[in-house]
Amino acid sequence: MVTQFELIEKETIAQLSFPKTDVLENDVDIAQRFSDLNRALSLGNLEHSKIKIYFEDNQSRKVVETTVWGLTDQRVILKQGNVIPINRIYKSA
């Protein structure tokens with residue numbers, strides 16, 4: 001069964017609360033997530049392409065369609081200074 005993700009606007013991310021725990025447990029999945037986010041960053045900077053980021057806050061699973069503007073070792077930076085902690089992201093596509 002596929003778990004549903006609620007589509008949200010990137011502007012609402014600032015109001016979300018994120019736990020410190022990682023949503024992924026497998027080291028291979030965690031490495032893949034970082035690789036996918038780096039690819040999304042390149043697409044955002046070179047082609048201004050939007051991607052979908054699947055993540056979970058302290059309430060539920062969500063998805064946002066956005067451009068990745070920056071990446072640190074702990075956060076994905078979106079337009080207007082919105083950030084999503086990397087440890088709360090399932091995948092980007």
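Keep in mind the model is a prediction, meaning the values are calculated, not measured. Quick note: numbers below take in every heavy atom, side chains included, and nothing from hydrogens, waters or symmetry partners.
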Query raised in the report: Within a strict 4.5 Å, meaning less than it, do heavy atoms of the L16 and I84 side chains meet?
Result: no

Report task. Sequence neighbours left out, what passes side-chain contact (heavy atoms from CB on, under 4.5 Å) with N26? Give chain and number order. Result -> V28, D29

Query raised in the report: Are I51 and V23 joined in one hydrophobic group, where the rule is that I, L, V, M, F, W and Y side chains link up if heavy atoms are under 4.5 Å apart?
Result: no

**Report entry** Y90: partners by ring pair (Phe, Tyr, Trp, His ring centres under 6.0 Å), with sequence neighbours left out
**Finding:** F5

Query raised in the report: Taking only residues two or more places apart in sequence, or in another chain, which ones meet I30 in a side-chain contact (heavy atoms from CB on, under 4.5 Å)?
Result: D22, L24, D27, R33

Query raised in the report: OG/S92 to CZ/F55 distance, rounded to the nearest 0.5 angstrom?
Result: 12.5 Å

Query raised in the report: Is a donor on one side and an acceptor on the other found under 3.5 Å between the side chain of N82 and the backbone of L78?
Result: no

Report task. Could you check I89 against Y54 for side chain to side chain contact (heavy atoms under 4.5 Å, CB included), going step by step and ending with a plain yes or no? Result -> CA-CA 6 Å; I89 295 173; Y54 297 85; 5.9 Å; no

Query raised in the report: Among the clusters formed by ILVMFWY side chains lying less than 4.5 Å apart, do W69 and I86 turn up in the same one?
Result: no

Query - Test side-chain contact (heavy atoms from CB on, under 4.5 Å) applied to T72 - qualifying residues, sequence neighbours left out - result: Q74, R75, I77

Report task. Begin from the C-alpha positions of L43 and V68 and carry the test side chain to side chain contact (heavy atoms under 4.5 Å, CB included) through to its verdict. Result -> CA-CA 8 Å; L43 285 173; V68 174; over 6 Å; no

Query raised in the report: Which residue pairs pass the side chain to side chain donor-acceptor pair (under 3.5 Å) test when at least one of the two sits in residues 8-21, sequence neighbours left out?
Result: T21-R88

Requested in this report: Give every residue pair that meets the salt bridge (charged side-chain N to carboxylate O under 4.0 Å, His left out) criterion with at least one member in residues 47-60, sequence neighbours excluded.
Outcome: E56-R61, D57-K62

Report summary line: Value for CZ (R39) from OG (S42), rounded to nearest 0.5 Å, stands at 9.0 Å

Query raised in the report: Out of V83, L37, I13, which one pairs with V76 under the side-chain contact (heavy atoms from CB on, under 4.5 Å) rule?
Result: L37

